[in-house]
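The analysis underlying the following values was restricted to heavy atoms, covering all of them including side chains, and did not include hydrogens, waters or symmetry mates.
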Amino acid sequence: MAFRFERPPALVVEGGHVASGQKVAAVVAMSIPKDVVSNVKGRLLKILVENGKPVEYGQKLMVVEVER
């Protein structure tokens, strides 16, 4: 099954902070979006996938430096 990565620019930016439970992007399959939610609090270091590009199940999408 093909998935598409979607990240509206207003959600998160590299260098910005994310909260646990915060929506950071969406993955779309068969025209149905599924929210991608952060499970950690920290600073977003890198977005690994370009907006609109295909992704696979289990693929890393972002790198977050965890804050404790």
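Hydrophobic clustering of Ile, Leu, Val, Met, Phe, Trp and Tyr side chains at less than 4.5 Å, counting indirect connections, keeps Val66 apart from Val13.
Here the closest heavy-atom approach between residue Glu50 and residue Phe5 is recorded as O-CD2, 3.7 Å. In plain terms, the two heavy atoms of Ser38 and Ala19 that are nearest each other are CB-O, 3.6 Å.
Residues forming a side chain to side chain contact (heavy atoms under 4.5 Å, CB included) with Val28 (at least two apart in sequence, or on another chain): Arg4, Glu6, Pro33.
The list of side-chain hydrogen bond (donor to acceptor under 3.5 Å, both in side chains) pairs with a residue in residues 9-21, not counting sequence neighbours, reads His17-Glu67.
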Practice item. Please step through side chain to side chain contact (heavy atoms under 4.5 Å, CB included) for the pair Leu44 and Val64, ending with a clear verdict. Key: CA-CA 4 Å; Leu44 179 61; Val64 176; 4.1 Å; yes
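Residue Gln22 forms a side-chain contact (heavy atoms from CB on, under 4.5 Å) with just one option from Val37, Leu11, Val12, Val40, and that option is Val12.
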